[in-house]
Amino acid sequence: MSAPSLGPALRVALLGCGVVGSEVATLLTTHRDELASRVGAPLDLVGIAVREVSRPRAGVTGTALEALLTQDADSLVREADIVIEVMGGIEPARELLLAAIASGASVVTANKALLAQDGPTLYAAADEAGVDVYFEAAVAGAIPIIRPVRESLAGDQVERILGIVNGTTNYVLDRMASEGLDLDEVVAEAQRLGYAEADPSADVDGHDAAAKAAILASLAFHTRVSLEDVAVEGIMGLTADDIAWASRTGQVVKLLAIAERTTDGVVVRVHPALVPETHPLAGVRGAFNAVFVEASAAGELMFYGRGAGGAPTASAVLGDVVSAARHRVLGGKGPIESSYAQLPVLPASQALTRVQIRIDVQDRPGVLAKVAAVVAEHGVSIEAVRQAPVGEVAHLVVTTHAARQDALDKTVEAIRGIDVVDRVVSVLRVEGI
Ligand code: HSE
């Protein structure tokens, strides 16, 4: 059988040459023939824009790719058919992508911060120019989740997304659980092993997961959700004791990105939560990511894999490049922004959740009744109470049924004020039930 004839080569520009960029450049080169067959035209990498050409780069320095390095990103984006942005940060990435789109290029980006902050500007510009914006790599690395939510589930109604979308924090929580270590120790270990950045705050404070939550929520609910709409709490307040108690009560602690439809709108939040050991997300170990989707017709779906790293993220980028390139060769266009539903984006105080409250109380008759009465006064129902002696005091673990977050907050405040309560040790939400 003769090989199909190929169309004229497409010019591909790469912005950024870090861990992901160098892998994208390498794959474009080593898989050149395969990619040409899949697209119907060769993909010519015409330049790699970097801030500093002379810096040594693994996989690039000393190879043919080195000659493609340039500091002139402005000129590069104006002469490309497809621009891949893996430089990160808001500027100059935003201006370069807008310039590329204005010049008629389709763009592929892994830039979650930019999309969560100003995605609609890019989508509108691309729509007007009739080009594609693809961003599979912006959420959960190699895991196909953008395309499933945006396209495969376009005929269904997504009700809720629960995601472990930050590998660094999942690694930290997993090590705390398996080794009984304190958070600080594990963060330091993660930095030594290269799982955590030198400045891990975007990960441990939940902001990286929040950007991903905003992107997923926008797609799932056909409603614009930006980073400012996401209520964020990180993992830094967690103790080894929280993790041990989770295990004692048949649960694990995960940093979850949660986007859900309520009767009044949508709520999007990121915070640590207790997840039953029987839930599929509980088995997501180490630095892996997973996104659990509940849709009204499809039911429950889970997408699992590597959420970071050069090759896994490059795989998602290349998939998008092939899609955009096929449109150049065969005609057609990828999905445009779908924000028609314009559902109200509600504060996290309106989320429906459950909490597990651990309190130190004086060990004498009537204490449990006082705590139960305060919970009931706030219209909150108790699901379970466990008690364990801890020295002179008793440790009560109260788990509630589902209630609104604001009612649960008021309940906890009221518990703090009970005379027989020495202290509220911790309050963790319970999700995935
Ligand atoms: N730092 C992120 C993580 C990967 O730990 O999962 C990039 O979003």
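When a ligand or atom number is given, it counts from 1 through the structure's own listing order.
In this structure, Asp174 pairs ionically with Arg285, as a charged nitrogen and a carboxylate oxygen lie closer than 4.0 Å.
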Exercise. Under the side chain to side chain contact (heavy atoms under 4.5 Å, CB included) rule, what do Leu343 and Arg261 come out as? Steps first, then yes or no, please.
Key: CA-CA 9 Å; Leu343 298 173; Arg261 188 188 291 275; 3.8 Å; yes
Practice problem: Show the numbers, then the answer: is there a side chain to side chain contact (heavy atoms under 4.5 Å, CB included) between Met302 and Val284? | Solution: CA-CA 11 Å; Met302 188 155 107; Val284 177; 4.1 Å; yes
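With respect to atom 4 (C) of ligand 1, the closest heavy atom belonging to the protein is Ala308 CB, 3.7 Å. Lys112 NZ, 3.6 Å is the protein heavy atom nearest to atom 7 (C) of ligand 1. Annotation: atom 1 (N) of ligand 1 to nearest protein heavy atom, Asp203 OD1, 2.9 Å.
No hydrogens or angles considered: nothing links the side chains of Asp320 and Ser323 as a donor-acceptor pair under 3.5 Å. Side-chain contact of Thr353 with Glu431: a donor-acceptor pair under 3.5 Å is present, judged by distance alone. Donor-acceptor pairing under 3.5 Å is recorded for the side chains of Gln356 and Gln251.
Shown in contact with Gly167 at under 4.0 Å from a heavy atom are these atoms of ligand 1, numbered in order with element: 3 (C), 5 (O), 6 (O). Using a 4.0 Å cut-off to heavy atoms of Asp208, the atoms of ligand 1 that qualify are 2 (C), 7 (C), 8 (O).
Residue contacts with ligand 1, taken as heavy atom pairs separated by less than 4.0 Å, involve Thr168 via backbone and side-chain atoms alike.
Where the criterion is an N or O separation shorter than 3.5 Å, residue side chain and backbone included, Glu197 fails it with respect to ligand 1.
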